[in-house]
Each structure stands twice: as structure tokens, then as C-alpha cells.
Novice: 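Starting off with a structure, shown below.
A note on names: the letters A, B, ... follow the listed sequences, proteins ahead of strands, and every chain is numbered from 1. Atom set for the values below is all heavy atoms of this structure, side chains included, hydrogens, waters and symmetry mates excluded.
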Amino acid sequence: MMRYVRDPALWLTTLVVLVAGVWPLITRSATTREDMFLILMFVTLASSLNIVLGYTGYVNFGHIVFFGLGGYIGFYLIAEKGWHVIPAALAASLGVVLFAAILGGIILRLRGAYFALATIGVNEAVRSFIVNWDAVGGAVGMEMNFSRYQDYGGPMNALWFAYILLLIVTLASVLLSYFVRTSKFGLGLLAIREDEDAALVLGIPAPKAKTIAFALSAIFPAIVGTLFFFKNGNIEPGDAFRLHMSVEGIVMIMLGGYGTVMGPVVGAATYERLRGFLLTSPLFKNLQLAFAGVLLLLIIIFVPSGVVGWLRNRFPKVRRILA
Amino acid sequence: MDVLLASLVDGLLIGFVYGLAAMGLTLIFGVMDVVNLSHGALIALGMFGVYLLFTGLGLNPYLGLLIVLVLGIILGMILYAIAIHPLLDGPHLSTLLSTFAVSMIIIGVGTMLFTSTPRNIDINLGSMVLGPVRLQGTRVVAALVAILVATGLYIFMYRTHVGKSIRAVANNRDAAELVGIPSVRILAFSFGLGTMLAMVSGGLIATLFPFSILSGGTYELKSFVICVLGGLGNPTGALLGGLILGLIEGLIPVFMPVGWTPVIEFTLFVLIILIRPSGILGAR
Amino acid sequence: MKGMRLFVTVLFILALIVTGCSKATPTPAPQPTKAEAAPAQQQAPEAKAKTLVLGFTASQTGKYAKESKEQTQGIQLWLKDLEKKGGLKLSDGTVVNFKVKYYDDESTKERVQQLYTKLITEDGADLLISPYSSGLTAAAAVIAEQYGKIMITTGAASDSIYKQGYKRVYQIYTPASRYLTGAVDALKAWDPNAKKVAVVYEKSKFATGVAKAVKAYAEKQGLEVVLFEGYEAGTTDFNPFINKIEAAKPDAIIGGGHFQDGSTFAKQLYEKKTPVKMVAILVAPAVPEFAELGDAAVGVIGPSQWESIAKYSPESAKAAGLTWCGPTIEEFVSGYKEAYGYEPGYHAAGGYAAGLVLERAIKMADSTDPDAITKALDAMDVMIFFGHIKFDTGEAHGLQIGHDMVYLQWQKKDGKVVREIVWPEAAKTADAIYPLER
Amino acid sequence: MSVILEVDHVTKRFGGLVAVNNVSFQLYEGEILGLIGPNGAGKTTLFNCINGVYTPEEGRILFKGQDITGLPPYKVVRMGIARTHQVVRPLNELSVLENVVVGACYGRENLSLEEGRRTAEEVLEFVGLADKRNVLAGKLNVAEKKRLEMARALAARPYLLLLDEVLAGLNPTEVARMLHVVRKIREEGVTILMIEHLMHAVMNLSDRIIVLDYGSKIAEGTPKEVANNPKVIEAYLGDPDLALSLVEERT
């Protein structure tokens with residue numbers, strides 16, 4: 001335990017997320033809160049995806065399926081069953097983790113491109129299934145009565161409430177990422193990433209480890225999904241299972257540095273800010289997508305280890321504080 | 001019964017075009033182990049190539065395909081040099097992302113130039129009735145062109161020196177290099193071929209359906225499904241996979257609500273990867 | 001030394017994150033529009049001037065880019081017309097002007113909520129207009145309502161938004177539940193023998209809502225719905241589906257979704273020479289580019305929120321016992337053509353109408369107080385170039401109950417395909433082609 | 001001497017090819033058993049059967065009296081069998097130390113991260129890689145990678161060590177160094193089963209030798225017996241004079 005208390009990287013990680021996350025609470029600015037909501041949401045998604053992608057080395061294009069399913073379960077419980085958002089989010093998380101554990105047990109047998117393609121297939125299959133499933137609204141989705149926000153002290157408070165919950169979730173997911181990375185279990189995952197067959201021979205129970213990693217990566221996206229759609233007031237299949245968001249998550253991880261704790265945090269924040277900037281910049285407004293593409297290409301070719309990875313490689317001293 | 005027959009024919013015809021699109025994806029994967037995420041954007045580019053030649057120069061769409069074909073090979077080789085070659089020896093993820101970046105660039109520039117307004121190439125080659133089946137001229141021609149291109153590719157791969165080199169590189173790059181095959185040039189050319197196939201199939205699709213710069217995504221997903229059906233990395237299998245997909249799409253509505261088509265398709269897709277990753281016909 | 005380096009690095013990273021998270025987005029400084037400066041000069045110095053900020057998001061990129069652009073242009077034209085009049089004068093001499101503020105929402109919900117909050121809290125938006133599409137509007141409505149801002153929705157026909165208990169969201173469009181019901185009426189009027197209809201629709205929020213409503217309505221009217229099926233959004237090949245429709249032998253096909261699938265569907269129905277007497281589909285026929293389909297467009301009927309050839313006029317208002325306000329259809333169309341070089345479609349008209357309704361409400365309220373404006377909107381019952389505007393004040397507060405759809409049909413005249421209004425009887429500009437000649 | 005490993009009529013097929021054909025032998029605690037044979041004789045496949053990478057179609061494998069046939073590799077390691085690979089498989093993006101920590105933590109003793117680090121440091125010292133502990137494994141040269149491979153296996157604290165051509169590709173100095181390490185391992189009481197192509201090394205080190213050819217065991221005995229076995233000479237050694245000289249070199 002002392003090991004953790006003394007680790008500057010842990011403190012830095014916590015501090016960064018906390019300082020950034022508490023900022024809107026201090027300024028009481030709703031705009032900053034909305035900006036931060038998106039950033040924290042992406043930090044959580046990227047950070048949890050990194051457990052599978054960065055640590056275990058499995059390219060998961062279907063990460064967003066956890067977000068979408070969690071959103072659906074949570075939203076259904078809140079809007080249709082009148083649950084409070086916290087138990088709803090927890091129930092969603094539980095359900096999705098179970099789903100991930102079963103799914104992981106099946107598809108993690110695949111490697112490389114086959115796994116990546118299968119995850120695309122899973123996302124699309126789930127999305128198109130929900131579109132056809134009328135109990136959860138089918139293509140129309142579900143909507144929540146505005147009066148529901150009264151339970152949280154009115155709509156304004158509900159938004160702040162959702163934000164604070166998200167901040168806790170983000171912190172938890174970054175800490176989870178840290179503890180996995182610095183644990184024996186995490187070391188096993190890294191070994192799997194580097195060479196799965198060698199890892200098996202070294203004594204790592206790879207099938208179990210991979211499945212656990214997969215399930216761990218599903219905990220927080222499911223909660224984030226519930227919070228996001230709670231705040232949105234409605235849910236539709238198209239918004240819940242947007243493949244593009246998975247890819248964006250991967251981009252964020254690459255940008256920040258895959259396989260590191262801080263990488264997804266830095267990557268998600270940078271990507272989100274950058275997109276925001278490009279979107280509103282009169283110069284790049286029309287070309288923002290292409291510009292983001294060029295930037296991504298340059299990063300992959302010239303800084304493949306991402307910002308944090310680059311710092312760690314360039315300045316070995318930094319390694320101690322930058323996990 | 002009539003419905004079944006009509007849907008069967010419709011499915012088969014469109015299946016050839018789907019198959020052609022998937023061939024590009026599977027060829028690139030087979031030769032260099034790269035999943036090309038710019039595939040959809042390239043299909044859309046092919047659509048606009050034919051469209052612009054048609055509306056701008058009044059060129060017959062089928063003639064336009066020839067120009068798109070040449071442009072496709074050149075563009076593909078350029079893309080290889082920029083986005084694939086520097087990353088070929090890196091981790092799997094890097095080429096996935098670089099091709100995705102290319103897709104962002106194409107769609108970004110495309111949206112600026114063409115907006116996302118749907119376009120339509122207005123050609124009609126009439127139709128003919130064979131019993132319960134009505135064959136639409138454009139579809140028959142599209143299927144024929146797809147067969148022609150696929151046959152051409154097959155002959156090229158098995159009868160020419162370059163084609164054999166491509167197969168050699170696909171088999172074992174190092175060994176090919178040892179026997180004096182310039183593997184880099186072959187890889188670049190293969191990417192060119194893959195791009196060409198994507199763009200040509202895009203051009204064909206443009207003669208059938210309205211499209212926009214964002215349309216490629218649908219066909220990219222279909223191509224993934226087809227590649228897996230036919231066996232990833234196997235161009236001949238892709239054509240077959242295309243036919244199977246066409247049949248599935250044709251027949252499902254006969255038996256259940258049409259909305260379930262994608263559910264069945266993608267479930268099948270995942271199941272096949274799991275049970276038979278080498279494709280329906282592939283060796284185990 | 002070592003510690004120093006460490007410290008600096010930490011600081012650097014913290015700075016990076018914190019600046020990143022605060023208001024780093026450099027918003028282009030609000031440039032004074034020409035209009036803002038102009039009325040200021042015209043006004044007598046003692047007249048009080050008040051500028052209201054009108055905020056909305058536009059989908060400049062993504063799947064709704066086209067429709068949204070039209071809508072935005074409509075809003076901008078209204079603003080320009082208002083500026084030309086020298087602003088909106090209240091009885092106490094206050095001159096009200098508007099400053100428009102909008103951002104690109106990329107056609108996604110995450111952006112919509114982020115940007116509407118920004119519009120309200122940072123740009124100080126007093127009044128809001130919705131983004132395009134029901135989905136985005138639903139997300140925006142939550143924010144608007146949370147801050148108690150008035151939002152006029154346009155380009156959003158979904159009914160369900162108005163059943164969530166919102167108090168200050170008002171709809172311009174005819175809601176989805178009444179979108180295609182006129183087609184059923186028309187079918188019954190034109191062909192009392194018609195019995196069977198096929199309702200086929202895109203699996204999207206909007207189209208599914210419309211389809212469900214029209215199915216219920218058709219059954220109530222004694223028609224048999226022989227096929228009721230949705231197809232996946234993004235479907236391009238309808239042939240297998242059409243085979244199935246043909247097998248059900250309907251007299252009419254009613255349904256559709258958005259432009260792309262609708263026009264594809266229409267094209268393939270034509271190529272297949274599907275033997276039906278009537279085809280009425282959503283959205284696509286009302287878009288001018290539908291004409292690109294050539295012969296395949298002929299005979300296809302589509303509901304439209306508004307047509308430039310519609311017959312709304314001060315005279316018809318008087319006949320209906322309603323007040324008329326705003327420009328006539330001719331004035332709007334010529335103004336739009338002058339500004340943008342082509343004829344406006346209903347998306348543009350909807351944008352203009354949203355502005356006009358706000359203007360009218362402030363005029364009625366004779367105040368810029370939000371509560372007063374809300375009251376005025378609740379009481380509003382007027383006719384404008386867009387049609388009759390009246391809002392539900394009951395359970396579905398804000399739902400449009402005045403406005404009606406018109407139904408247009410593409411017809412061939414002198415070798416060109418043109419659009420004609422064929423329903424309702426009172427508004428029609430031509431007789432319908434019925435049954436379809438295929 | 002007690003039997004630590006018993007391979008009992010093991011057969012492994014790949015399609016029509018019989019890679020290991022009805023092979024049986026016993027390994028005694030503390031000895032070094034050499035496994036030789038021409039390329040493709042099934043030596044590595046036999047290793048893979050023992051440590052659970054493959055499940056043999058027929059036969060059993062007993063380790064310390066327990067049946068371990070078909071156990072997955074990670075369970076086999078837990079029981080105390082570690083191995084090295086013919087083609088080194090370092091975890092490239094991890095440091096040398098981390099590589100060995102993996103071995104230690106997931107090895108027989110199932111150590112915690114801290115304990116594993118201690119063991120790893122010891123083992124690195126033992127194989128002479130301590131000064132490279134923070135280098136990324138991918139950056140080592142071939143000889144160092146071989147030693148890393150060895151260190152990783154040792155860190156598992158095995159009772160039995162399977163060495164697959166640890167000398168291949170090394171220069172004479174490096175070979176000598178590695179042989180020294182192998183001897184030291186034996187002194188620690190670890191039983192060793194080693195595949196080796198370098199004849200004089202096998203002959204020198206091994207207490208006994210087994211010869212495989214086309215998947216079958218064709219000979220078993222002391223180095224001298226094996227070197228003089230005509231079947232072995234025919235199948236593998238080719239040049240009987242050379243074989244003899246190698247044996248003599250030892251004595």
C-alpha cells in the first residue's frame with residue numbers, strides 16, 4: 001500500500017483530473033461545465049478503452065457498445081421505471097459488465113484484425129437489434145418527462161448533479177486504469193500485448209486475464225452512458241451506438257500515448273479542445289474534419305507513441321511522475 | 001414463389017457489385033495485412049469521379065469508369081506512399097488509424113467541395129421482363145462490368161508476372177524479396193489495385209443509387225461482412241461473399257420484416273469470424 | 001536540479017490541462033453586423049434601443065448539413081427584413097433589434113447541448129431557435145427549458161418533444177402525427193374503391209413516428225394496411241423490399257424517410273414499374289433536387305410543410321377569420337431569390353417563419369419580458385405566409401395545431417417535371433395524376 | 001533418484017503429419033537430459049506437448065506423479081516447468097527487468113509484484129544482465145536476448161527447465177558464458193531438458209541423451225552410447241568420425 005501512497009504518478013493523475021474537473025464547480029459556469037462534461041466523458045471512454053487497447057493490445061472498435069447499452073439500461077430504468085439515476089447507473093454498469101464478460105469470453109479468442117472486425121460486427125448487430133426492439137422504443141428511442149428532473153431539485157441542479165457524478169466516475173476510471181497499469185495483473189496484460197503466446201508460456205492465464213480486462217473496461221462507459229442520456233433527456237439507437245465515437249476514442253488514446261495512464265486523459269482533453277477550436281474557428285470551420293485527419297496522420301507517422309509516450313521516452317526522468 | 005425468384009435475381013445482380021467493392025478491401029488485407037478504413041471514402045470518391053465526369057464533361061458513366069480506374073491506381077499508390085509505407089512495420093493499430101485519417105481527409109475535403117447533398121446520375125437503360133422477374137438495365141450492366149473487372153483481375157493475378165509477384169509478396173514478403181521481387185513497388189501497386197477496385201465499384205453504385213460523399217460508410221460495412229464471408233484476404237472469395245450477401249439481402253425480406261436484415265447480417269458476420277475465420281468456403 | 005525539472009514538468013502538464021479545460025476556445029469576437037449599426041444611426045437619439053440575442057445551432061457538417069443550411073438562410077433573411085424595417089418598435093418607443101449567434105453542431109447531440117448552454121450562459125441568448133431535425137431539437141429543448149428560455153422549433157416535426165412537460169418550447173412545423181394523414185384523405189377522396197395501403201418507412205425517429213400515426217389513421221378510415229414495415233436507415237437497395245410490397249398488392253404506398261432513401265425508393269419503384277395507384281413519401285418529393293430523378297419523379301406525392309405556390313394570403317386569412325402578419329408568399333420568395341439566387345424550399349420558409357413568429361409574439365406582448373412573450377405565444381392564432389400558426393396549450397404544450405400540410409405531386413408539363421399542389425382541395429394548383437400510369 | 005517427468009507414449013499429429021510418434025522417456029531429478037535430432041524431428045513439438053501449448057492426441061505426461069496432459073501452459077508453469085524458446089520472444093516494449101518480473105510473478109511461486117521484483121533482480125544478476133535492467137527488451141542484442149529468455153524462465157523458479165536451443169546464434173565466447181550459466185542452474189538443483197544442435201555442448205553437458213527422428217525416439221543413453229549408436233549416426237550425425245571426436249572431447 002505504501003507503494004501507492006509514495007507514487008508521485010498517482011498523485012499527479014488524481015490532481016490533474018480533480019483540478020480540471022472541479023474547475024466548473026468553482027467558476028459555476030455552465031458553459032465550462034458543458035465543455036468539461038464532454039471532456040470528462042471522453043476521458044472516461046478513452047481511459048477504459050485503453051485497458052483493452054493499450055494494455056492488452058486488442059483493438060476494440062466496439063467499445064461504444066458498452067456506452068450505448070449502459071445508456072439504454074440506465075435510461076430505461078430512469079424514464080420508464082422511475083429509478084433514481086445512481087441505482088440506475090449502477091444497474092446499467094452491472095448488466096453491461098456481465099455482457100462484456102460473456103462477450104469477451106467468446107470473441108477474445110480472435111486476434112488482430114479478426115478481433116477488430118468482430119467488434120465492429122457486435123456493435124452493428126446490437127444497434128440494429130435495438131432499432132427493431134419496440135420494448136425500448138425501437139428506432140424512435142425513448143424520452144424522459146421533463147418533470148423527472150424535479151427529483152433532483154430542478155433541471156439546473158440535475159445537470160450539476162450529473163456533472164458531479166461524472167467527475168467521480170472519471171476519477172474512478174482513471175484510478176482504475178492506474179491501478180491496473182501498476183499491478184501484477186496489468187503487467188500480465190502488457191505481456192499479452194507484447195506476445196500472447198510467450199505470455200501463456202510465462203504463466204499468464206491469458207484467456208481469463210483478457211476477459212477480466214474486457215469486463216473492467218465496460219464498467220465506466222456504461223455509467224457514462226446512463227449519465228449522458230439522463231442529461232440529454234432522450235435516447236436513440238443512432239446516438240447510443242455511433243461507431244465513429246469508438247474510433248474517436250482510439251484516436252484520443254493514440255494522441256495521448258497508448259498503454260499509459262495519462263495518455264488517454266491528455267489525448268481526450270486535447271482532441272476535444274482541438275475539435276472545439278476547429279469547429280468554431282472561422283479559418284478551419286469548413287475543413288475541420290480534413291484538418292483533424294491530416295493532424296492524426298502526422299501524429300501516427302511522426303509521434304507514434306503519443307504525447308505522453310513521447311515525453312516518457314524523451315525524458316526518462318518524467319517516467320516517475322507520468323504513469 | 002414469384003417473389004422468391006425476383007428477389008433471388010435482384011440479390012445476385014447487386015451481389016456482384018458488392019463483391020467487387022469487397023475485393024479491394026480483401027486484396028489489400030491479403031497482401032499487406034492492412035485493414036483499409038479509407039475504403040468507404042474511396043468508394044464515395046469513385047462515385048463522385050463518375051458523377052463529375054458525367055455532369056461536367058457529359059461523359060458516359062461507363063466510359064467514366066475507365067478514367068476512374070486509372071485514377072484509382074495512381075491515387076492508391078500515392079496513398080500507399082503517404083499513409084501505409086511508413087507504418088508497415090509498426091503495430092497493427094497504426095495502419096488502421098492512418099487509413100482512418102485518410103478517410104477523414106477525403107470526407108472533410110469532399111464535404112467542403114460537394115456538401116453532403118445527395119447526387120444522382122440520371123441514366124436509364126430500360127428494363128426487360130423475364131417471367132416474374134423484371135431486370136433493370138443499369139443493374140444488369142453493373143453486374144456485367146463487375147464480372148468483367150473481376151475476371152480481368154483474376155487473369156492479371158494468375159497470368160501476368162506482376163500478378164504472380166503480388167501473390168508471392170502476399171504469401172511471404174521476405175521470401176519474395178529474396179528471389180528478387182521488389183516488394184515495396186509490389187505493395188504500392190497492390191494498394192493501387194485495391195483503391196481502384198473500391199473506386200470502380202463506387203462508380204458502378206453511382207449508376208444505380210443516389211449517393212453523397214457520406215455514402216461510402218454503408219458499403220464499407222458491407223465489404224467487411226463480405227470479406228469475412230468469403231475469407232479475409234481472398235479476392236475470389238470476396239466475389240462469392242458478395243453474392244451471398246446479395247442473396248441474404250434479397251431473401252430476408254421475403255421471410256421476415258425487412259428491418260431485421262442488418263441484425264441477421266451482422267450476427268452472421270460475427271458468428272462466421274468466430275467459427276470459420278477463413279470464410280465459408282475457406283479451408284479450416 | 002532534478003526536483004526542479006520534475007516540478008516544471010508537472011506545472012507544464014497542469015497548465016496544459018487547465019487551460020484546455022477552461023474557456024480556451026477562442027470565440028470569434030462578435031462582429032457588429034451592418035444592420036446593428038444602421039438602425040442606430042436612423043433612430044432619434046431619445047428612442048430606447050434594445051438588442052436581443054437570438055441563438056441557435058446549425059448543422060454545417062454531418063448528415064443534416066443541407067436542410068440546416070436552408071433553415072439558417074431563412075432565419076437570416078427574416079433578420080435582414082426586420083433590419084430593413086428598422087427593427088421592431090414597441091409602444092413605449094423601444095426599438096428591438098436582434099443579434100444572431102450560431103455555431104456548427106456537426107449534426108450530433110453532444111454538440112447541441114454543449115453549444116446551447118454556451119449560447120445561453122456565455123453569449124447571453126435571450127431567445128432560441130431549434131437546430132434542424134427532431135433528434136437534435138429534443139436535446140436542445142432540454143437545455144432551453146432548463147434555463148427557462150423560449151425556443152421556437154423548426155425543422156422538427158416529432159410530437160413526443162411536446163409531451164415531456166416543456167413550458168416554453170413552441171413548434172412551427174405540422175407535427176409528425178399529422179404529416180401523412182392527408183395522403184389517406186386524398187386517397188379516399190380520389191378513389192373510394194381503394195382498400196389496401198402499404199405503409200413502409202425508414203427506421204428513424206421521425207419517419208417511424210409518422211408511419212405509426214398514418215397506420216392508425218388509415219385503419220380508422222377503413223383501409224386495410226397490408227404491409228407495415230420499416231427499413232434500416234441508409235438502405236440503398238430497395239429491390240427485394242419492393243418485390244415484397246408488390247406481392248402484398250397494395251393500391252397505395254405511403255411512407256418514406258429522408259431525402260436520400262426516399263428518392264432512391266422512388267427511383268427503384270419506377271424502374272421496377274411497380275403496379276400501384278399512388279405513391280406518397282416523406283421529405284424527398286418536397287426537396288427541389290427530387291426533380292433530378294426525371295421521369296421517376298412523375299406522379300410521386302409528397303407532404304410539404306409549405307410550398308411557394310400555396311394559397312396563404314391576407315385574403316384567405318380574412319376568410320378564415322384570422323389575423324395576417326408578415327410578408328406575403330410572393331414577397332418572401334422574391335426576397336429569398338434575391339438573397340441566395342434560388343427558390344426557397346420549406347426548410348428555408350420554416351426558418352423565416354420561426355423568426356417571424358418570435359417577432360409577432362414580442363409585438364403582441366409589447367415587451368421583451370420572457371413571461372410576456374410566452375403568454376403571447378400561448379395566445380397566438382395568426383396566419384402568415386407559412387400558414388396558420390396556433391399552439392397547443394394543454395397537455396402537449398407548444399405542439400403546433402394550426403398549421404396543415406399541403407401535398408404536392410411531381411407532374412410533367414411541356415417536357416419538364418414541375419411540382420403542383422394536389423391536396424387539400426382548397427389549396428390545389430392542379431388535378432392529381434391518379435392512378436399512376438406505370 | 002526419483003523420476004520428475006514421465007513422458008508416456010505421446011503422439012501428436014498435425015493433419016496427416018505425425019510430428020511426435022509414440023515417444024516415451026523418463027527424466028530424473030537433477031539430471032540434464034539432451035534432446036537431439038535433425039530439423040523437423042519433432043523436438044520443439046515435444047516441448048510444446050510437455051508445457052501445454054499442444055495437447056497430444058495420445059499418451060500421458062506426468063510431472064512429479066501428476067498427470068499434466070492437456071493442461072494449459074500457464075498452469076504447467078505454476079507446477080514448476082519453465083521453458084525458453086528457440087526463437088527468442090522478448091516482450092519488446094517492456095524493460096528487461098519487467099520481462100523477468102513477469103516470469104517471476106506468474107511462475108511457480110506466484111509472487112506479488114514486489115517479491116517478483118526482488119527475485120528478478122537476483123536472476124538478472126545470476127545471468128549477468130543486471131546492468132541492462134532498465135533497457136527495453138527489444139533493444140538488446142541476440143546474445144542478451146537469449147540470456148533474457150533464460151532469466152525469464154529461471155525467475156519462475158522451476159523444478160524443471162526446458163531449454164530450446166539456447167546456444168543457437170551465439171559466438172564461442174557467448175556460448176561459453178551460457179554453458180557456465182546452464183551448469184550453475186543445475187548446481188541449484190534444477191532439472192534440465194535441453195534441445196541443442198551444438199554437438200559438443202550437448203555431449204558435454206548432458207547426463208543422458210535422447211534422439212528423435214521423424215517424430216520417433218530412435219535412441220536413448222549416455223552421450224557415448226548415443227554417439228556410437230548406428231541408427232543415430234545414420235539418421236543424424238552423418239559423419240561417425242566427427243561424432244566420436246565430439247565424445248572424446250568430453251573425456
Novice: Report the option among B/G259, B/P257, B/P86 that has the most heavy-atom pairs separated by less than 4.5 Å from atoms of chain A.
Specialist: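 The candidate making the most pairs under 4.5 Å is B/G259.
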Novice: Check whether the ring centres of B/F269 and B/F224 lie less than 6.0 Å apart, and answer yes or no.
Specialist: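 No, ring centres 6.0 Å or more apart.
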Novice: Can you tell which part of A/L295 gets under 4.5 Å to a heavy atom of chain B, answering side chain, backbone, both or neither?
Specialist: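 Neither part.
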Novice: Count the heavy-atom pairs under 4.5 Å between each of B/L232, B/V35, B/T267 and chain A, then report the option with the highest count.
Specialist: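 The residue among B/L232, B/V35, B/T267 with the greatest pair count is B/L232.
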Novice: Tell me every residue that passes side chain to side chain contact (heavy atoms under 4.5 Å, CB included) with B/I272, counting only those two or more places apart in sequence or in another chain.
Specialist: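 Scan of B/I272 (side chain to side chain contact (heavy atoms under 4.5 Å, CB included), adjacent residues dropped) gives B/V228, B/L229, B/L268, B/I280.
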Novice: Select all residues of residues 115-128 of chain A having any heavy atom within less than 4.5 Å of some heavy atom of chain B, and report them by number, or 'none'.
Specialist: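 Heavy-atom contacts from residues 115-128 of chain A to chain B are A/L117, A/A118, A/I120, A/G121, A/V122, A/E124, A/A125, A/S128.
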Novice: If you count heavy-atom pairs under 4.5 Å between each of A/L296, A/V131, A/I300 and chain B, which one has the most?
Specialist: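 Answer, by heavy-atom pair count under 4.5 Å with chain B: A/I300.
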Novice: Would you say the ring centroid of A/F129 lies under 6.0 angstrom from that of A/F241?
Specialist: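 No, they do not, as the ring centres are separated by 6.0 Å or more.
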Novice: Evaluate whether atom CZ of B/F189 has more than 12 neighbouring non-hydrogen atoms of other residues, nucleotides or ligands under 6.0 angstrom away.
Specialist: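 Result for CZ/B/F189: enclosed.
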Novice: Under the side chain to side chain contact (heavy atoms under 4.5 Å, CB included) rule, collect the residues that match up with B/L187, sequence neighbours excluded.
Specialist: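 Checked B/L187 against side chain to side chain contact (heavy atoms under 4.5 Å, CB included); matches are B/V31, B/M32, B/Y80, B/L88, B/V169, B/R173.
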Novice: Looking at B/I106, B/L221, B/V102, which has the largest count of heavy-atom pairs under 4.5 Å with chain A?
Specialist: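 Of the candidates given, the most pairs with chain A belong to B/L221.
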Novice: By a 4.5 Å heavy-atom criterion (distance strictly below it), what part of B/I82 contacts chain A: side chain, backbone, both, or neither?
Specialist: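 Contact with chain A: backbone and side chain both.
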Novice: What residue pairs, at least two apart or across chains, pass side chain to side chain donor-acceptor pair (under 3.5 Å) with a residue in residues 17-35 of chain B?
Specialist: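 Sorted pair list: B/Y18-B/E249.
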Novice: Measure B/L87 against the heavy atoms of chain A and call it side chain, backbone, both or neither at under 4.5 Å.
Specialist: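 Only the side chain of B/L87 comes within 4.5 Å of chain A.
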Novice: Let me see the working for B/T99 and B/H39 under side-chain hydrogen bond (donor to acceptor under 3.5 Å, both in side chains), right down to the final yes or no.
Specialist: CA-CA 8 Å; B/T99 51; B/H39 188 68; over 6 Å; no
Novice: With a 4.5 angstrom heavy-atom cut-off, is it the side chain or the backbone of A/L110 that approaches chain B, or both, or neither?
Specialist: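 Side chain of A/L110 only, per the 4.5 Å heavy-atom cut-off to chain B.
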Novice: For the OG atom of B/S98 and the CG atom of B/N36, what is their distance to the nearest 0.5 Å?
Specialist: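 So the OG of B/S98 and the CG of B/N36 are separated by 8.5 Å.
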Novice: For B/R185, is the CZ atom crowded, meaning more than 12 foreign heavy atoms sit under 6.0 Å from it?
Specialist: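 At most 12 heavy atoms, drawn from other residues, nucleotides or ligands, come within 6.0 Å of this atom.
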Novice: Determine, using ring centers only, whether A/Y258 and A/Y55 are less than 6.0 Å apart.
Specialist: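 For A/Y55 and A/Y258, the ring centres are not under 6.0 Å apart.
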